[in-house]
**Student:** 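Pasting a structure below so you can have a look.
If you read the sequence from its start, that first residue is 1, and numbering goes on from there.
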Amino acid sequence: MKNIGSFIALLGIASIALFFFDYELKLLGWINNWGENIAWAIRGGLVVIGALLFFMAPSEKDSEETA
């Protein structure tokens, strides 16, 4: 789950960084169709959801102890 969370958060961060250079990730190109405010909400949501998934997932050490 940590891998998925970090991937989602990195997508959001990359989208935010590339926006300032007038670029967008192909995977997230559709978000600009709904307007700038919605696009920023989606970018921020990706970062927040990715971070939550990353930090809420049990670590590998915890998984080994329960097995």
Side-chain angles (χ1 to χ4, degrees):
M1 195 61 83
K2 285 186 179 267
N3 291 337
I4 295 170
S6 61
F7 177 72
I8 292 172
L10 284 175
L11 277 178
I13 292 168
S15 178
I16 290 169
L18 289 174
F19 173 79
F20 294 110
F21 298 105
D22 292 327
Y23 289 104
E24 186 61 68
L25 298 170
K26 282 190 176 188
L27 185 63
L28 297 176
W30 55 271
I31 65 174
N32 292 320
N33 294 337
W34 292 348
E36 192 171 334
N37 291 335
I38 299 298
W40 276 107
I42 292 171
R43 288 181 188 109
L46 286 172
V47 173
V48 169
I49 289 172
L52 283 174
L53 286 174
F54 182 81
F55 290 115
M56 298 298 284
S59 66
E60 292 179 17
K61 186 186 289 185
D62 292 341
S63 298
E64 291 174 1
E65 290 177 2
T66 57

**Student:** Are I4 and I49 joined in one hydrophobic group, where the rule is that I, L, V, M, F, W and Y side chains link up if heavy atoms are under 4.5 Å apart?
**Tutor:** yes
**Student:** Compare every heavy atom of A9 with every heavy atom of A51, then report the nearest pair and how far apart it is.
**Tutor:** N-CB, 4.1 Å
**Student:** Would you indicate whether I38, at its atom CD1, is surrounded by more than 12 heavy atoms from other residues, nucleotides or ligands within a distance under 6.0 Å?
**Tutor:** no
**Student:** Indicate the atoms forming the closest heavy-atom contact of G5 with L53, along with that distance.
**Tutor:** CA-CB, 3.7 Å
**Student:** Considering non-hydrogen atoms only, spot the tightest contact between Y23 and F21 and give its length.
**Tutor:** CD1-O, 3.1 Å
**Student:** Do M1 and L52 belong together in a cluster built from hydrophobic side chains that touch within less than 4.5 Å?
**Tutor:** no
**Student:** Check the hydrophobic clustering (I, L, V, M, F, W, Y; side-chain heavy atoms under 4.5 Å; chains of links allowed) and say if F19 and L11 are grouped together.
**Tutor:** no
**Student:** Cluster question for you: counting only ILVMFWY and a side-chain heavy-atom cut-off of under 4.5 Å, with indirect links fine, are W34 and V47 together?
**Tutor:** no
**Student:** Show your working on side chain to side chain contact (heavy atoms under 4.5 Å, CB included) between S15 and I31 and close with a plain yes or no.
**Tutor:** CA-CA 10 Å; S15 178; I31 65 174; 4.3 Å; yes
**Student:** Quick one: closest heavy-atom pair of G12 and L46, and the distance?
**Tutor:** CA-CB, 3.9 Å
**Student:** Heavy-atom count around N37 CG within 6.0 Å, excluding the residue itself: above 12?
**Tutor:** no
**Student:** With a 4.5 Å cut-off on side-chain heavy-atom distances among I, L, V, M, F, W and Y, is there a chain of contacts connecting I13 to F7?
**Tutor:** no
**Student:** Please indicate whether W40 has more than 12 foreign heavy atoms, meaning atoms of other residues, nucleotides or ligands, lying under 6.0 Å from its CH2.
**Tutor:** yes
